[in-house]
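Read the structure below first, then the notes.
To find a chain, count down the sequence lines: A is the first, B the second, and so on, and within it residues start at 1.
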2 protein chains.
Amino acid sequence: MEALAEYFKVFSEPNRLAVLEALHQGSLNVTAVVEATGLSQALVSKHLKLLTIAGVVRRRPEGSLVYYEVIDRGVFRLLATAEKQLQVSRQQQLNALQAVL
Amino acid sequence: MEALAEYFKVFSEPNRLAVLEALHQGSLNVTAVVEATGLSQALVSKHLKLLTIAGVVRRRPEGSLVYYEVIDRGVFRLLATAEKQLQVSRQQQLNALQAVL
DNA sequence: TCGCGGTATCACGACAACGTTATACTAAAC
DNA sequence: GTTTAGTATAACGTTGTCGTGATACCGCGA
């Protein structure tokens, strides 16, 4: 429960999700991710480091470039599952509102 | 992506997961959750409020007690999916270590 | 060897979330 | 109507995370 919370935290930042989203298409170097997301280079580097430490993404230096890629695409399944569940929760929020009005 | 991150944030706190875990067995009032988790009453109240606003949990006053219950048990499926993916990531962390040593 | 593009890190300020203590609210019992 | 158990909220200090700007590092080509 401790570790699970920490794992969820990895996906709880919009910019980090944007970085992941960019890597959905495959392997990209840092600059490519920067361009795909519109985030600053320093910020992208930080998020990529976090994702690497989390074991979600792999770092592969190639010459002077550094490529990153999602290791196990099961994370995208996780994202999809969460998004689906989010829809359910949204509906419940509406129901709760309706019960009040 | 914005909203999805926010949704992940709901599950990114150990104590909140503990509260959810307690509600796995069904409907409980606040005091029961407090006893099940060992958290302070004020803290449990806060987390329950958050979970309610998030549309994950439903509040049902009954007399002077207030019962809470998970609305859609699909969240537990989400937790299970995340836990499974966590295992994968853990393995990748080990692999990364091994590549260094 | 020097310069340069690409990447990583540092130091910092801003801000949000957590947990606690104390207190307010509410409904039932007396 | 007062008390009491259960629940919610307020105020506060602490801590962690985010994003930025500046700078360091690294590999390569001139």
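- Protein chain A touches strand DNA chain C; the 5'-most and 3'-most nucleotides with an atom under 4.0 angstrom of its non-hydrogen atoms are C/dG6 to C/dA11.
- Looking at B/Arg58 and B/Thr52, their side chains never bring a donor and an acceptor atom within 3.5 Å of each other.
- Near DNA chain C, defined here as any heavy-atom distance below 4.0 Å, the residues from residues 61-72 of chain B are B/Gly63, listed numerically.
- At a threshold of 4.0 angstrom between heavy atoms, the contacts of B/Ser45 include nucleobase atoms, whether or not backbone atoms are also involved.
- The backbone N or O of A/Ile53 sits less than 3.5 Å from a side-chain atom of B/Gln93, completing a donor-acceptor pair.
- When atom types are taken as modelled, the side chain of A/Arg16 and the backbone of A/Lys9 share a donor-acceptor pair closer than 3.5 angstrom.
- With A/Arg77 contributing its side chain and B/Gln85 its backbone, the two residues share no donor-acceptor pair below 3.5 Å.
- Remark: A/Leu4 CG to B/Leu17 CG distance equals 5.5 Å, nearest 0.5 Å.
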Item to complete: Using a 4.0 Å heavy-atom cut-off, write out nucleotides 12-25 of chain D from 5' to 3' as B (base contacted by protein), S (sugar-phosphate only) or - (no contact).
Response: -----SSBBB----
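- Using modelled atom types, one finds a donor on one side chain and an acceptor on the other under 3.5 Å when comparing A/Ser89 with B/Tyr7.
- When rounded to the nearest whole Å, the span between NZ of B/Lys49 and C1' of D/dT7 equals 12 Å.
- B/Phe76 and B/His24 have perpendicular rings, their planes meeting at more than 60° on a 0 to 90° scale where under 30° would count as parallel.
- Counting non-hydrogen atoms of other residues, nucleotides and ligands closer than 6.0 Å to CD of A/Gln87 gives a total above 12.
- Side-chain N or O atoms of A/Ser45 include none that pairs as donor or acceptor with a backbone N or O of A/Ala42 at under 3.5 Å.
- When the options B/Val44, B/Thr37, B/Leu43 are evaluated for a side-chain contact (heavy atoms from CB on, under 4.5 Å) with B/Asn15, the one that passes is B/Leu43.
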